[in-house]
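Heavy atoms only: backbone and side chains are in, while hydrogens, waters and symmetry mates are out. Keep in mind that what you see is a predicted model, and the values were worked out from it rather than measured.
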Amino acid sequence: MGTAVTHAPATEHLAKDSEPRHGPVKSPRPTALARRGRRENLAGYLFMSPWIAGFLLLTAGPMVASLYFAFTDYNLFDAPQWIGLDNFSEMFADPRWRHSVQVTLWYVVVGTPIKLIAALGVALLLAQKRRGQAFYRAAFYAPSLIGASVSVAIVWKAIFSDDAIVDRTQKIFGIDVGGWTGDPDMIIYSLVALTVWQFGAPMVIFLAGLKQVPRELYEAADVDGAGKLRQFWNITLPMISPVLFFNVLLETIHSFQIFSSAYIVGGGAGGNACGPADGSMVYTCYLYVQGFENSRMGLASAMAWMLLVAVALVTAVLFWSQKRWVHYEEGGR
């Protein structure tokens, strides 16, 4: 008879093999890849450390300090004293503060649309292929690089002063209103002209948006007999509406922050720091007067935070409104 061969069950054999022979299995040490990842992260944080330090010391820190000063009586020399909401109550009751709000809103509502219309109009011209196109683009963009400088503001003040080039040109056409910078009613128009002159930055953005409009849409519109004006209204504007929204948002925020040009054209330090009869007293100019000329840093801090809240509200309204008029390629809004 043959010898019977028996085999242990496979499960029993696997169970014996799976039992640790040298005690419990220890977790593996970090691999070289993990150590390399940690070193790379550390290097990244080291490269970011100057920006982080600058943000904490130059941005976040001063913001927190100004928020505290907004509720104190602080004159830059003595220790701040807590006064609660008194700065805000005084600010709302100040007729010069209300006047600065009116001047700023007028500047934003009038200057920003004119600047964007000029930028879009020149962008439409430069989008066409023509000789010397690169030169014209650079020439129109250059003012946006130097327009916010103090030197340009000084030259602008000289151009619009009494018996200067603008005044003499007006007299040729029989308009005798004098220099704009010396007239409380006209000085704000010189600031609007200065900001419109700096339309180069939004113009470049408009150019980029116009390049993305498919030419097939215009060709189809030509076949249907649509004129240039109808093509602009039904094709160009909807297609560049995201770019238009970006420019509107950016230029509106910049308009609220106008300071150097208004301060220099208005006259600089002294009794007429914000223009004759406060004609160019935009919000930031009055903020500067209260903080540094009147040593009311607590009140100036309250004004600064009120400006931040106002800009945030305007930005929120613009983002809410874009759902109605901004069109994206996938058809959403």
Side-chain angles (χ1 to χ4, degrees), residues 58-59 62-63 65-67 69-70 76 87 91 94 96-112 114-116 143-161 180-182 184 186-202 249-315:
L58 302 178
T59 302
M63 286 184 64
S66 68
L67 180 60
F69 292 147
L76 291 176
N87 284 328
M91 177 175 60
D94 185 3
R96 294 190 72 192
W97 179 84
R98 293 195 295 269
H99 176 69
S100 69
V101 172
Q102 294 175 358
V103 173
T104 304
L105 291 177
W106 189 94
Y107 175 83
V108 172
V109 172
V110 174
T112 301
I114 297 177
K115 182 178 182 180
L116 293 177
S144 65
L145 298 176
I146 62 176
S149 64
V150 174
S151 59
V152 171
I154 294 175
V155 174
W156 204 262
K157 180 181 179 181
I159 292 175
F160 285 88
S161 61
W180 293 16
T181 56
M186 296 297 296
I187 187 172
I188 190 65
Y189 292 99
S190 66
L191 297 179
V192 171
L194 178 56
T195 190
V196 173
W197 180 62
Q198 305 170 38
F199 64 81
L249 179 63
L250 206 62
E251 295 302 326
T252 301
I253 295 175
H254 286 170
S255 297
F256 275 105
Q257 296 175 337
I258 176 180
F259 170 71
S260 60
S261 58
Y263 184 73
I264 298 300
V265 175
N272 61 340
C274 297
D278 294 338
S280 63
M281 189 173 66
V282 293
Y283 194 93
T284 54
C285 188
Y286 190 46
L287 188 154
Y288 176 86
V289 169
Q290 290 286 18
F292 294 96
E293 293 190 4
N294 298 339
S295 298
R296 300 287 306 278
M297 188 55 65
L299 179 59
S301 298
M303 293 176 59
W305 276 94
M306 186 57 60
L307 177 62
L308 176 64
V309 172
V311 173
L313 290 176
V314 171
T315 303

On a heavy-atom basis, which atom in Ala70 and which in Ser301 lie closest, and how many Å separate them? N-CB, 3.8 Å

What are the two closest non-hydrogen atoms of Ser190 and Trp156, and how far apart are they? O-NE1, 3.0 Å

How about Asn87 and Met91: do any of their side-chain heavy atoms sit closer than 4.5 Å? no

About how many Å separate OH of Tyr283 and CE of Met306, when rounded to the nearest 0.5 Å? 6.5 Å

Roughly how far, to the nearest 0.5 Å, is the CG atom of Leu287 from the CE atom of Met297? 8.5 Å

For Phe259, I'd like to know if atom CZ has over 12 heavy atoms of other residues, nucleotides or ligands within 6.0 Å. yes

Between Asp94 and Met303, does the side-chain contact (heavy atoms from CB on, under 4.5 Å) criterion hold? Intermediate values first, please. CA-CA 12 Å; Asp94 185 3; Met303 293 176 59; over 6 Å; no

Check: Ile258 main-chain N/O paired with Thr284 side-chain donor or acceptor under 3.5 Å: yes

Return the minimal non-hydrogen interatomic distance between Ser161 and Thr181, and the atom names on each side. CA-OG1, 3.4 Å

Atom CD1 in Ile187, atom CG in Asp278: separation rounded to 0.5 Å? 10.5 Å

Could you tell me the separation between the CD1 atom of Ile253 and the OG1 atom of Thr315, rounded to the nearest 0.5 Å? 4.0 Å

How far apart are the closest heavy atoms of Ala153 and Val265, and which atoms are they? O-CG2, 3.7 Å

Point-to-point distance, once rounded to the nearest 0.5 Å, from CG of Leu116 to CG of Leu250: 9.5 Å

Leu105 vs Phe256, test: side-chain contact (heavy atoms from CB on, under 4.5 Å). Steps then yes/no. CA-CA 8 Å; Leu105 291 177; Phe256 275 105; 4.1 Å; yes

Run the side-chain donor-acceptor check on residues 191-201: report pairs under 3.5 Å with partners two or more places apart or on a different chain.
{"residue": "Thr195", "atom": "OG1", "partner": "Tyr107", "partner atom": "OH", "Å": "3.4"}
{"residue": "Gln198", "atom": "NE2", "partner": "Gly147", "partner atom": "O", "Å": "3.4"}
{"residue": "Gln198", "atom": "NE2", "partner": "Leu194", "partner atom": "O", "Å": "3.2"}

CD1 of Ile154 to OG of Ser149, rounded to nearest 0.5 Å, is 8.5 Å

Would Trp305 and Ser66 count as having a side-chain donor-acceptor pair, cut-off 3.5 Å? yes

Would the distance check show the side chain of Ser280 and the main-chain N or O of Ile188 forming a donor-acceptor pair, the cut-off being under 3.5 Å? no

Report yes if the side chains of Val103 and Tyr286 come closer than 4.5 Å at any heavy-atom pair, otherwise no. no

Exercise: identify the closest heavy-atom pair between Lys157 and Ile264: CD-O, 3.6 Å

